[in-house]
Amino acid sequence: MDDLPAEFQDELAAWSNLSDEQLWRIALDSLPPDQWRRHRRLLRKNEANTLTDAEREELARLAATDRFVVRRSYALAGGGGGGPPANSL
C-alpha cells in the first residue's frame with residue numbers, strides 16, 4: 001500500500017474493519033464496458049504521449065476509474081475466504 005497515493009492509503013486502511021462479505025461486494029462491482037475500454041485507450045495514448053488536450057481532460061475526468069481499479073484490487077486481495085458469498089453470484 002505504500003506505493004499508493006495518500007488518498008487511497010487512508011481509504012484502504014479504513015477497510016481493514018470491513019467484513020469479507022463487504023469486501024466481496026466491492027470486488028464484484030463492475031464498470032460499464034464502454035467506460036473501461038475508453039479509459040484503457042486513453043491510458044495507452046497517454047503513455048505514448050499522443051493525447052490531445054481534450055483527451056487529457058477526459059482522462060482526468062475518468063480518474064474515478066483508477067479509484068475503482070485500486071478499490072477492487074484491494075478487495076480481491078483482502079477478500080478473504082474461499083470466494084464470494086453464495087447469494088452474490
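For the single chain, residues carry numbers from 1 onward in sequence order.
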Excluding sequence neighbours, so at least two apart, what forms side chain to side chain donor-acceptor pair (under 3.5 Å) with N49?
->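 By the side chain to side chain donor-acceptor pair (under 3.5 Å) rule, N49 matches no residue at all.
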Only counting residues at least two apart or in another chain, list the ones meeting side chain to side chain donor-acceptor pair (under 3.5 Å) with D34.
->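 Residues passing side chain to side chain donor-acceptor pair (under 3.5 Å) with D34: R37.
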Interatomic distance, [X] atom [atom1] to [Y] atom [atom2] [nearest 0.5 angstrom]:
X   : Y   : atom1 : atom2 : answer
T50 : K45 : OG1   : NZ    : 5.0 Å
R56 : L59 : CZ    : CG    : 9.0 Å
L23 : R71 : CG    : CZ    : 10.5 Å

Output all residues satisfying salt bridge (charged side-chain N to carboxylate O under 4.0 Å, His left out) with R72, sequence neighbours left out; order by chain, then residue number.
->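 In terms of salt bridge (charged side-chain N to carboxylate O under 4.0 Å, His left out), with neighbours along the sequence ignored, R72 is linked to no residue.
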Just jot down the salt bridge (charged side-chain N to carboxylate O under 4.0 Å, His left out) partners of E58, sequence neighbours excluded, or say none.
-> R38
Would a 4.5 Å heavy-atom cut-off, applied to side chains only, mark N46 and E55 as touching?
->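 A side-chain contact is absent here, since even the closest heavy-atom pair is not under 4.5 Å.
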Same cluster (ILVMFWY, side-chain, under 4.5 Å), L76 and L28 = yes
Which residues pass the side-chain contact (heavy atoms from CB on, under 4.5 Å) test with [X], sequence neighbours left out?
X   : result
R44 : R40, R41
L31 : Q35, W36, T65, F68
Q22 : L18, S19, R25

